[in-house]
Structure formats: C-alpha cells, structure tokens
Amino acid sequence: MKRCKDYAAHYPKWNDWKWQVANRITTADGIAGFLGMTEAEKNDVGQCLSAFRMAITPYYASLIDPNDPDDPIRKVCVPSIQETYPCENDMADPLGEVSDSPVPHIVHRYPDRVLFLITLRCSTYCRYCTRRRVVGEEDRIITEPELKTALWYIRSHPEIRDVLISGGDPLVMSTEKLEHILSELRAIPHVDIIRIGTRVPVVLPMRITEELLAMLKKYQPIWINTHFAHPQEITPASGRACAAIVDAGIPLGNQTVLLRGINDRAEILKELFLKLVHLRVRPYYLYQCDLSQGIGHFRTTVDEGIEIMHALTGNISGYAVPKFVIDAPGGGGKVPINYNYVLSKDNREVVMENFRGEIYRYPQPAVRQNRADNPPTE
Ligand SMILES: *Cc1c(COP(=O)(O)O)cnc(C)c1O
Ligand code: SF4
C-alpha cells in the first residue's frame, strides 16, 4: 500500500471491510515500505515477527504519522525490538484463564457470567495484547464441536446470566457465523445479556454495516464494549461506527489499557474519555497493563495510574471517568484500585478528602448493635 492523502479515492474498495482484512499489512517489508523505515528498523520488526505476528488494517495504518517516531498508533500496532527482551515477571497466561476454563473457549471466573472466546483472530493485533500467546498464533475460529461443548456448559449452568463474547475479535467473523452463535445463546433461557468485546470500531470501522446491526438487533439485549486507546483513534469513520451502534439501540462501552509512552498522561486520557462521551461511548475500565510476554516496556507503575485517576475524578463528568482496575495475575479477577479519599474512619465519623484535597467530615449514625435490642423510642 502506498501513502496518499485520499485513500478512499485511490483504493475503490477502501470502505469494504473484507478488502481491509484481505489487505492487512503483515510483513516487515510491508510496514517498512509504508512508513519509510531504515533497514535497521525493518530488521528489528522482522526479528519480532518470529515471536509474535503482526497485522494492521490499511485503515488503521493510515492513521500513523510516518514522520513521528513516537506516534501513538505506531506504538500500538508496529512491533518494537523491546518485545524480544525478556522481562522477569512475564507470564504466558497472566490472567490464569487456562485454569479457570472448565471447557475449551469458556472462562468461568465470576458467579453469574462467563467469558466466551470464540475466535483467535483480530483485524489488527495490538502489541500489548494480554492474550498475545494465543491470539494471532493461528487464525482460528471456534469449531462446531467446540461450540457445542461450550453451549452445553452454558446451558447446564443456570447461574450464567451474562455471556461476554470476546477473542480475538468476534466482529471479524462473518455475520452468518456470528449469528449462528448468538442465536444459540439467545435460545438459552437463563442467558439474560450478551456482551461483545471488539476493537472493530477503532481498527476496522467499515465492519459496522447495516447488515451487521440488523442481525445484532434480533438478539437484544446486547451490549458492546470497544477498545480505544488514544484520541488519535477517534476519526470521522470511527465516530460514525460508534454512532451507528448506539443508534441501533446497543449501549457502547470502552476499555482502555494504560500504556507507557502512549496514553500515560492525564491530559491524553481526559481528551480521550471526553471525546468518547461525546460519541455516547461510556468509558468502562482503565486497565493496568498485564504481565504478558514481551510487553514490559508498556507497563507504568500502579501509582501513575492512581495519579491519573485522581486528576480526572471530580474534574470531569463522572460519565467520562472509568474504573481503574488491575486484572490480578494468576486469575484473581479485576480488582478496583482507587485513590484513597478516606483519611480516617471510626464509629463517630469519617474524615475524607474531596477532589480538591480539602478535608470534610461525615458524622456516623449512632451505632446500634441489633435493631431488636434497640426499638425505636417515640
Ligand atoms: C472481565 C471479565 C468478565 C467481565 O467482567 P465485568 O466486570 O462484569 O465486566 C467476565 N469474565 C472474565 C474471565 C473476565 O476477565
Ligand atoms: S483487539 Fe483485543 S484480542 Fe485483538 S490483539 Fe488487540 S487486545 Fe488482543
């Protein structure tokens, strides 16, 4: 692919998502030519590709500024030699998803909901992916026998009322295959909501077609969670994709990974979250970066995340502030991490700090051991 100003005019099928997937940039030569890399940079990419694959949709690549070596989108999708450096805490399965998996493709960790990984394929691979050991290793979607087993598991566990379909990226599948899975899930009476986790609105917005939305609408209630990492990803095309999803009556949330050198400043995340709320996308989670292999250079300290949350909370609309969580290594699940606003707390009062750092006191009600022992006195 050649760089140009108006891609849609030069590439007649630019807005066809299948063309975008078929024409992904997957080789060191491909990305080096597109970004004008030096031979040394190209060799570095080649070396990374022997460990973790690369794929970038032409649309997403077109958002990179080739003259900026620190371009955030470039860092998200183009391999850097740092991925090949071993880091002491790296884990192949940082979230313990293998041990919480009762049958292939299902992760059952929380009481009322499961994660259902229906594909290993994405249109664009994020360098910091938490499932990078499996995602992108092979371009595989769930087979029919595996699907039968996973559905059997969900059917035989009536406590499951929320199924979170993820991967990989479920919206890179054909509409027919996805509909097959959704219709099977919808036929299970105790499945209340179905959620889809997808990065398609960001990296392949042309996939959000009328045909796809008409299909999804048949299986409501559906919620979609997408994955914007930086304000530069918000474009007219991604904005249209988000608007189309919300206009179809599907609530849209967003999760963002906190990434060193990409979005680790309060100003950047504030701009991102406010723009998302403008698009009617609710920031849901901000994740501390996981311990997947070869992504140590993306990790910030936890304190940096807490400081960013502190800078945002109270200063911008509550709707624009996500929950900051660490997905506990080893399979502990998501743990909310907060700035500590409570300075002291006893039976008499709670002393707390507000968003400006001013001190306030909340008097506790008189303590009663037991209501029966303390009947209300008139
Ligand atoms: C994140 C996650 C969920 C969904 O959690 P919510 O907090 O409800 O969004 C479910 N199962 C697994 C294994 C997860 O990692
Ligand atoms: S879209 Fe999600 S699953 Fe796919 S590479 Fe990015 S983080 Fe991983």
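For reference, positions follow the sequence shown, starting with 1. As the structure lists them, so they are numbered: ligands from 1, and atoms in each ligand from 1. We use all heavy atoms of the structure for the numbers below, so side chains are in, but hydrogens, waters and symmetry mates are not.
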Which option, R113, R109, K323, owns the non-hydrogen atom nearest atom 8 (O) of ligand 1?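 Looking at heavy atoms only, the winner is R113.
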So between K334, Q255, H108, E97, whose heavy atom ends up nearest atom 1 (C) of ligand 1?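 Closest candidate by heavy-atom distance is K334.
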Starting from [atom], which protein heavy atom do you reach first, and at what distance in Å?
atom	answer
atom 6 (P) of ligand 1	Y284 OH, 3.4 Å
atom 7 (O) of ligand 1	Y285 OH, 2.5 Å
atom 8 (Fe) of ligand 2	C129 SG, 2.3 Å
atom 11 (N) of ligand 1	Y110 CD1, 3.6 Å

Is any side-chain N of the basic residue among [X] and [Y] closer than 4.0 Å to the acidic one's carboxylate O?
X	Y	result
E144	K177	yes
K42	D29	yes
R299	D290	no
R113	E159	no

Determine the interplanar angle of the [X] and [Y] rings, folded into 0 to 90°, and report it as parallel if under 30°, tilted if 30 to 60°, perpendicular if over 60°.
X	Y	result
H157	H108	perpendicular
Y11	W14	tilted
Y128	F298	perpendicular

What atoms of ligand 1 come closer than 4.0 angstrom to any heavy atom of V107?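 So the atoms of ligand 1 that pass are 13 (C).
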Would R3 count as a cation-pi partner of F34, with NZ or CZ less than 6.0 Å from the six-membered ring centre and within 45° of the ring normal?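 Satisfied, under 6.0 Å and within 45°.
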R195: heavy atom below 4.0 Å from ligand 1, yes or no?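 R195: in contact with ligand 1 (<4.0 Å).
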Subset of ligand 2 atoms that lie under 4.0 Å from at least one heavy atom of [X]:
X	value
H227	7 (S)
R199	1 (S)
Y125	5 (S)

Strictly under 2.8 Å, is any N, O or S atom of C122 next to atom 4 (Fe) of ligand 2?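 Under 2.8 Å: C122 contacts atom 4 (Fe) of ligand 2 through an N, O or S atom.
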Nitrogen or oxygen atoms of D327 and ligand 1 under 3.5 Å apart: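 There is no such contact.
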Checking side-chain polar atoms at under 3.5 Å, does T235 have a donor or acceptor matched by the opposite partner on Y59?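 A donor-acceptor contact under 3.5 Å links the two side chains.
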Atom 6 (Fe) of ligand 2 and C126: any N/O/S contact shorter than 2.8 Å?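 It does; at least one qualifying atom falls short of 2.8 Å.
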Does NE2 belonging to H190 count more than 12 external heavy atoms closer than 6.0 Å?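 Above 12, so yes.
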Examine the proximity of ligand 2 to R132 and report which part, side chain or backbone, both or neither, has a heavy atom under 4.0 Å away.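 R132 to ligand 2: no contact under 4.0 Å from either part.
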Mind checking whether L164 contacts ligand 1 via backbone (N, CA, C, O), side chain (CB onward), both or neither, at a 4.0 Å heavy-atom cut-off?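 Near ligand 1, L164 shows its side chain, while the N, CA, C and O stay back.
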